[in-house]
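Proteins come first, then strands; the chains are lettered A, B, ... in the order of their sequence lines, and each starts at number 1. Values below: every heavy atom of this structure, side chains too, minus hydrogens, waters and symmetry copies.
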2 protein chains.
Amino acid sequence: MDDPKPTELMFDMDAPVCHGLGDTQACSGKKRGRPRAFCTEAVLETALELFWMKGFAATSLDDISAATGVSRPSLAAAFGDKEAIYIKAMERYQEDLRSQLDGVLTCNGEGDSMRAIIDRYFDIMIAAYTGEQDHPLGCAFMCTALNEAPQHESILEMLQATIEGFDRRFQSFFEGARYFGCLRGDQDPKVLTQMISGLTSNLLMRARAGAGRKELTDIARATTAFLFP
Amino acid sequence: MDDPKPTELMFDMDAPVCHGLGDTQACSGKKRGRPRAFCTEAVLETALELFWMKGFAATSLDDISAATGVSRPSLAAAFGDKEAIYIKAMERYQEDLRSQLDGVLTCNGEGDSMRAIIDRYFDIMIAAYTGEQDHPLGCAFMCTALNEAPQHESILEMLQATIEGFDRRFQSFFEGARYFGCLRGDQDPKVLTQMISGLTSNLLMRARAGAGRKELTDIARATTAFLFP
DNA sequence: ATATTTTTATGCGACTTCGCAAATAATTCT
DNA sequence: AGAATTATTTGCGAAGTCGCATAAAAATAT
């Protein structure tokens with residue numbers, strides 16, 4: 001349950017991590033053989049960008065290899081097959097987003113209004129969907145995983161886990177808010193969670209279709225104003 | 001504007017159409033050369049199913065050829081390249097859905113409540129997303145077009161047109177409803193349209209992730225009850 | 001120093017995917 | 001009947017995609 005894929009690649013969980021600039025030297029660790037010539041994090045980062053633009057099926061291992069300078073066999077040794085690379089890149093993406101949300105999605109009963117909190121949540125998501133690109137790309141995971149879910153078991157499982165995690169997070173958030181008296185009686189945590197889920201999906205879809213930051217924030221503001229009058 | 005692709009294939013707009021069972025004989029028409037041995041509608045139907053399951057990038061012309069029994073050159077002659085087949089299959093899909101909605105999405109001021117109308121709308125969408133499959137597949141267009149939009153101009157344009165059409169439809173529907181006094185003063189047609197858009201996206205996403213008809217209708221009922229109390 | 005371990009580099013082989021061209025078949029026009 | 005038109009069939013060729021196998025390189029262990 002907690003570990004959907006007991007794969008053979010768990011060992012590189014404790015591989016040397018270079019969080020600095022994209023250096024080529026391995027940072028530390030006293031592993032036995034020849035050290036990695038590339039940073040796995042940097043590879044996953046550029047793999048993410050490729051998947052984000054082209055989707056899973058249309059990005060080849062050759063694409064990733066060319067964009068990173070890492071040969072295909074090295075990619076296979078470090079991550080596994082394409083599906084494994086995709087999963088790891090998306091987990092990284094989600095983790096980054098999650099950590100941004102941690103600072104925002106808390107309700108301790110004082111301070112901001114519910115509406116201000118949700119507004120900040122949407123600001124973060126819109127920034128992620130919009131990026132610095134000339135053309136916004138929407139959500140890297142949703143816009144690509146929905147496409148692959150029926151054909152790729154691991155992606156389907158990650159999709160389900162993502163939805164469940166989203167629901168859990170918002171539901172407990174709203175339950176906390178209700179506990180602290182920040183919610184009206186007619187505002188059910190379950191229903192509100194579905195509302196936020198829907199509005200988020202709406203934004204991510206429109207971003208992928210080309211909607212810019214201003215258009216999206218306008219939509220977000222108007223809808224949250226409706227939800228939390 | 002009205003014709004995004006002035007392609008060479010417009011002539012088959014008036015090609016013989018067989019709306020009957022999947023026969024092999026051309027139905028009518030007095031065109032010059034050898035008649036088609038297959039029904040273009042039937043081909044687009046099975047192409048749709050393939051795209052629906054596997055997405056655009058992962059379904060090859062060989063897949064479509066094998067599933068329909070029509071050779072690749074014949075497909076190319078009849079429809080164009082893969083992108084053109086996809087567009088035509090999805091237009092057919094949308095047209096079918098649109099016609100179902102026509103009977104439901106009208107507000108003449110009497111009869112049903114707003115909530116009942118929206119409930120019927122969601123019933124239709126949920127049925128489309130759920131189908132008779134063992135595993136629900138979500139929206140054939142959204143779940144696949146979002147993936148391809150950044151890389152395929154024609155798909156991006158269709159995505160934008162779909163969103164605009166959705167917005168226009170619901171906005172004028174809600175404006176009509178307001179005119180007939182079916183809407184409270186705080187229910188803005190624009191905001192309601194975004195809400196419905198979001199809830200629809202939410203359902204289509206969860207369907208693709210495996211949510212069944214009951215789960216989806218429960219969500220739909222709870223959210224529309226919130227929107228139209 | 002030598003052996004062991006791990007990564008890297010190179011390349012082959014099988015398969016897929018797609019566009020295209022040439023020959024054949026079926027139908028209408030004159 | 002013969003010409004013209006359109007579809008179908010068959011097959012080739014180029015490019016892409018991926019897994020794998022082999023040899024070389026770079027580090028540690030003994």
Side-chain angles (χ1 to χ4, degrees), chain A residues 8-18 23-40 42-43 47 50-51 54-86 151-152, chain B residues 7-18 23-40 42-43 47 50-51 54-86 148 151-152:
Chain A
E8 68 289 353
L9 290 163
M10 284 331 225
F11 63 86
D12 86 340
M13 275 300 163
D14 48 355
V17 175
C18 42
D23 54 4
T24 60
Q25 296 281 80
C27 300
S28 68
K30 329 186 174 186
K31 285 197 325 196
R32 221 15 176 88
R34 175 175 177 169
R36 283 240 168 75
F38 58 91
C39 175
T40 58
V43 166
L50 290 174
F51 286 134
K54 307 172 59 170
F56 172 78
T59 74
S60 66
L61 292 180
D62 281 327
D63 289 335
I64 302 176
S65 178
T68 58
V70 177
S71 70
R72 251 196 352 269
S74 292
L75 289 176
F79 305 105
D81 62 2
K82 195 168 81 164
E83 212 167 306
I85 299 182
Y86 176 84
Q151 298 289 311
H152 299 274
Chain B
T7 120
E8 67 288 353
L9 290 165
M10 283 330 225
F11 64 86
D12 86 340
M13 275 300 165
D14 47 356
V17 175
C18 44
D23 54 3
T24 59
Q25 297 281 79
C27 300
S28 69
K30 326 183 173 190
K31 283 195 328 192
R32 206 50 158 68
R34 174 175 179 172
R36 282 237 169 77
F38 59 91
C39 175
T40 58
V43 166
L50 290 174
F51 286 134
K54 306 173 61 171
F56 171 78
T59 72
S60 67
L61 292 179
D62 281 327
D63 289 335
I64 302 176
S65 177
T68 60
V70 177
S71 69
R72 253 199 347 271
S74 292
L75 289 177
F79 305 105
D81 62 2
K82 194 169 80 166
E83 213 167 307
I85 299 182
Y86 176 84
E148 313 297 336
Q151 299 289 311
H152 300 273

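Taking for each of Gly33(B) and Ser74(B) the nucleotide of DNA chain D with the nearest heavy atom, the 5'-most of the two is the partner of Gly33(B).
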Item to check | nucleotides 13-22 of chain C: protein proximity per nucleotide (B base, S sugar-phosphate only, - neither; heavy atom, under 4.0 Å) | outcome: ----SBBBB-
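One finds a side-chain N or O of Arg36(A) lying less than 4.0 angstrom from the OP1 or OP2 phosphate oxygen of dT7(C).
Residue-to-nucleotide contacts include a donor-acceptor pair under 3.5 Å from the side chain of Arg32(B) to the base of dA4(D). On a pure distance criterion of 3.5 Å, no polar donor-acceptor pair joins the side chain of Arg34(B) and the base of dT27(C).
Phe38(A) has its CZ atom 16 Å from the P atom of dA26(D), to the nearest Å. dT9(D) atom P lies 11 Å from atom CG of Leu75(B), rounded to whole Å.
Every residue meeting the side-chain contact (heavy atoms from CB on, under 4.5 Å) condition with Ser74(B), not counting sequence neighbours, appears here in chain and number order: Phe38(B), Val70(B), Ser71(B).
For the helix from dA1(C)-dT30(D) to dT30(C)-dA1(D), the terminal axes (five pairs an end, C1' atoms, rotation from four pairs onto the next four) enclose an angle of 0°, given to 10 degrees.
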Item to check | Phe79(A) and Thr40(A): CA distance, side-chain angles, deciding distance, side-chain contact (heavy atoms from CB on, under 4.5 Å) verdict | outcome: CA-CA 9 Å; Phe79(A) 305 105; Thr40(A) 58; 3.9 Å; yes
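In terms of heavy-atom proximity, Ile85(B) sits nearest to Ile64(B) at CG2-CD1, 4.3 Å. When all heavy atoms of Ala57(A) and Ala57(B) are compared, the pair lying nearest together is CB-CB, 3.7 Å. Closest non-hydrogen pair, Phe56(B) versus Phe51(B), comes out as CA-CD2, 3.8 Å.
Applying the salt bridge (Lys or Arg N to Asp or Glu O under 4.0 Å) test to every pair with at least one member in residues 55-68 of chain A, sequence neighbours left out, gives these pairs: Lys54(A)-Asp63(A), Asp62(A)-Arg72(A).
Taking CD of Glu83(A) as the start and CD of Gln151(A) as the end, the distance is 10.5 Å to the nearest 0.5 Å.
In this structure a side-chain-to-backbone donor-acceptor pair under 3.5 Å is missing from Ser65(B) to Leu61(B).
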